**Student:** 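Could you have a look at this structure, given as structure tokens, before my questions?
All values reported here derive from a predicted model rather than from experimental measurement. Chain letters run A, B, ... following the sequence lines, proteins first, then strands; residues in each count from 1. Just the heavy atoms: all of them, side chains too, but no hydrogens, waters or symmetry mates, feed the values below.
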There are 2 protein chains.
Amino acid sequence: MTAGEGLRERKKRETGMRIWRTALDLFTERGFDHVSVAEIAAAADVSKMTVFNYFGTKEDLVTAPMMNHVGDVVRAVRERAAGESAVDAVRRQFLEMIEVRDPSIGLNDDPRSLQARQLIQNTPVLLQRASLAFSQAQGELAELLAAEGGDPMLAAVAAAQLTGARNALINEHHRRILAGESAQGVADDAAERTERAFAQVENGLGSYPGPKRAPQ
Amino acid sequence: MTAGEGLRERKKRETGMRIWRTALDLFTERGFDHVSVAEIAAAADVSKMTVFNYFGTKEDLVTAPMMNHVGDVVRAVRERAAGESAVDAVRRQFLEMIEVRDPSIGLNDDPRSLQARQLIQNTPVLLQRASLAFSQAQGELAELLAAEGGDPMLAAVAAAQLTGARNALINEHHRRILAGESAQGVADDAAERTERAFAQVENGLGSYPGPKRAPQ
DNA sequence: GATGAAACATTGACTCAGTATATTTTCTGC
DNA sequence: GCAGAAAATATACTGAGTCAATGTTTCATC
């Protein structure tokens, strides 16, 4: 092994980066559906096959970053302390991520991230892809909880409750940042929101939503 | 309008049925990915275009029946009595569906349904499609709850909790029936399972899953 | 440095899902 | 029967993703 990283690896990262940036710019300019992979390849100065080598599908060009974090929730639960509850583990990890403004929970507003989010919101097939990431995380968590010895069916319910709260929070971040708020502003009251969301999971829905306000 | 149904409508239903059955048989025989739409069309004695007229996509050939029920949960909540909680509404509807052995919650074991389920379990792209149906139902429910006046973010969490419990129950039905149990057997203790699942949503996860049993 | 082997990129041809258009068949109401 | 509507078809196309064969780089070893 050579020192550092190796020229090969560096070039590979650079090519991947170039393809990704090129694609995001073209998508933003003309919309996801109106850009073909062949065009992206040409603009990034590689062959079409190379694009598929780096990103398995056209959708991955936009959603790859978020797919790298599907394992985060399950990791929080797997690595929790002996006496910690599942809710505590997921909530604690999420609060820590807020502290460090983790981009994977939506707490950043750099232009490239905004591009990607806008794109996802405006493109049905990308929204589907995002919901796939959610259900994958949920499935992994359900498996882990079931493996810890509980009823697998209740484990699946628990996984839905936990990932549901987490995803709702992330979506709220995305929504507000796309509405124009600064990442700082969204992060400021994120902890408070987090407590409310997980409290609803920890203490139950009870008679939610209380007396109906708008029957229609 | 002629009496009854009209020859045109009947033929249309029959053609759709024939395409659907043909597709399911071919898929079961050789796997979803190894049957082309052109083959299905030929086997059903129609043109490829006709297949896409009846079923928008190849996936719909398998998942269309389940997509007709994405609105069920949101309907339960929308049409609930004035004082009823959301949990009560969803649980009550589900218990009623158990009573009548509703196929849409997995309580049937006729061969064609088994085929479809097996196919979905064995085909990643169809699993994705199923998870899409889930997230669609969840999104609609979140919207309704938010429209009733609560905090939209908490409404999204509540929707995840409710649909999570419901989906876990349906998956359990599917799992057991695919494992060879009779629909009757699965239905027999379905009500009890339903109570446990929704209790976990109504009363909260608390310190779930209690002391860790299998740390690894 | 030179060299051989693996890894990677490229090319071009291919399959198949899905769309568009124009045409023909098939049913319905009169 | 016949006019008009609705559905089915043939045909041709776009674009995603795959495959096989062939270059081209990179690196490890001599």
Side-chain angles (χ1 to χ4, degrees), chain A residues 1-20 22-24 26-27 29-64 67 119 123-126 128-129 132, chain B residues 1-20 22-24 26-27 29-64 67 119 123-126 128-129 132:
Chain A
M1 278 170 239
T2 60
E5 179 183 37
L7 193 135
R8 200 184 203 114
E9 268 77 34
R10 197 178 70 238
K11 264 209 157 176
K12 202 171 162 182
R13 249 190 334 106
E14 279 168 1
T15 304
M17 214 49 138
R18 191 173 70 252
I19 295 171
W20 177 69
T22 307
L24 227 55
L26 285 173
F27 288 154
E29 195 181 330
R30 318 214 307 266
F32 184 79
D33 296 324
H34 299 109
V35 179
S36 76
V37 175
E39 285 178 280
I40 297 162
D45 216 38
V46 296
S47 78
K48 185 175 127 184
M49 268 287 314
T50 303
V51 175
F52 284 115
N53 268 350
Y54 280 83
F55 303 86
T57 69
K58 186 181 176 185
E59 288 79 24
D60 287 349
L61 282 162
V62 182
T63 58
M67 297 304 277
L119 222 40
T123 315
V125 64
L126 292 177
Q128 289 174 29
R129 194 63 164 225
L132 178 67
Chain B
M1 274 169 243
T2 59
E5 181 181 36
L7 193 135
R8 200 177 206 123
E9 266 76 34
R10 196 179 69 238
K11 264 207 156 176
K12 204 172 161 182
R13 247 188 338 102
E14 280 167 0
T15 304
M17 212 53 138
R18 190 174 71 251
I19 295 171
W20 176 69
T22 308
L24 229 55
L26 285 173
F27 289 154
E29 193 182 330
R30 319 213 308 266
F32 184 79
D33 296 325
H34 299 110
V35 179
S36 75
V37 175
E39 285 178 281
I40 297 162
D45 215 39
V46 295
S47 80
K48 183 176 128 185
M49 275 269 337
T50 302
V51 175
F52 284 115
N53 268 352
Y54 280 83
F55 302 87
T57 68
K58 186 181 176 185
E59 287 80 21
D60 287 349
L61 282 162
V62 182
T63 58
M67 296 303 276
L119 221 39
T123 315
V125 65
L126 291 177
Q128 288 175 30
R129 193 63 164 224
L132 178 66

**Student:** Could you state the atom-to-atom distance from CG of A:Asp33 to C1' of D:dT14 in whole Å?
**Tutor:** 13 Å
**Student:** Take atom CD1 of B:Ile19 and atom C1' of D:dT9, then tell me their distance rounded to the nearest Å.
**Tutor:**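 The answer, rounded to whole Å, is 13 Å.
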**Student:** Any base atoms under 4.0 Å from B:Thr57, or only sugar-phosphate, or nothing? Heavy atoms, all strands.
**Tutor:**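 Sugar-phosphate contact only.
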**Student:** Between B:Leu126 and B:Leu119, which heavy-atom pair has the shortest distance, and what is it?
**Tutor:** CD1-O, 4.0 Å
**Student:** Using atom CZ of B:Arg30 as one end and atom P of C:dC16 as the other, report the distance to the nearest whole Å.
**Tutor:** 10 Å
**Student:** In whole angstrom, give the distance that lies between atom CZ of B:Phe55 and atom C1' of C:dT19.
**Tutor:**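 Nearest whole value for this atom pair: 19 Å.
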**Student:** What is the separation between atom CE on B:Met49 and atom P on C:dT21, rounded to the nearest whole Å?
**Tutor:** 11 Å
**Student:** With sequence neighbours excluded, tell me which residues meet side chain to side chain contact (heavy atoms under 4.5 Å, CB included) with B:Gln128.
**Tutor:** A:Leu132
**Student:** Among residues at least two apart in sequence or on other chains, which ones pass ring pair (Phe, Tyr, Trp, His ring centres under 6.0 Å) with A:Phe52?
**Tutor:** none
**Student:** Pull out every residue in residues 35-48 of chain B that has a heavy atom closer than 4.0 Å to any atom of DNA chain C, ordered by number, or say none.
**Tutor:**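 The answer is B:Val35, B:Ser36, B:Val37, B:Lys48.
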**Student:** Categorize B:Tyr54 for me: base, sugar-phosphate, or nothing, with a 4.0 angstrom heavy-atom threshold over every strand shown.
**Tutor:** sugar-phosphate
**Student:** Among the candidates C:dG18, D:dT11, D:dA8, find the nucleotide nearest to the side-chain atoms of B:Thr50.
**Tutor:**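 Nearest listed nucleotide: D:dA8.
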**Student:** Consider the side chain of A:Lys58, meaning its heavy atoms from C-beta on, and name the nucleotide among D:dG17, D:dA8, C:dG18 that approaches it most closely.
**Tutor:**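 Comparing D:dG17, D:dA8, C:dG18 against the side chain of A:Lys58, the answer is D:dG17.
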**Student:** How would you list all residue pairs meeting salt bridge (charged side-chain N to carboxylate O under 4.0 Å, His left out) that involve residues 30-40 of chain A, not counting sequence neighbours?
**Tutor:** A:Arg30-A:Glu39
**Student:** With B:Thr57, which residues qualify under side-chain hydrogen bond (donor to acceptor under 3.5 Å, both in side chains), at least two apart?
**Tutor:** B:Glu59, B:Asp60, B:Arg129
**Student:** Under the 6.0 Å and 45° cation-pi test, does B:Lys58 pair with B:Phe27?
**Tutor:**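 The answer is no; the distance or angle limit is not met.
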**Student:** Check side chain to side chain contact (heavy atoms under 4.5 Å, CB included) between A:Ala43 and all other residues, then give those that pass, not counting sequence neighbours.
**Tutor:**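 Applying side chain to side chain contact (heavy atoms under 4.5 Å, CB included) to A:Ala43 gives A:Thr22, A:Leu26.
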**Student:** Expressed as a whole number of angstroms, how long is the span from A:Asn53:CG to C:dT11:P?
**Tutor:** 13 Å
**Student:** Can you tell me the distance, in whole Å, between the CZ atom of A:Phe52 and the P atom of D:dG15?
**Tutor:** 13 Å
**Student:** What is the distance, rounded to the nearest whole Å, between atom CD of B:Glu14 and atom C1' of C:dT26?
**Tutor:**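 Atom-to-atom, B:Glu14 to C:dT26, this comes out as 15 Å.
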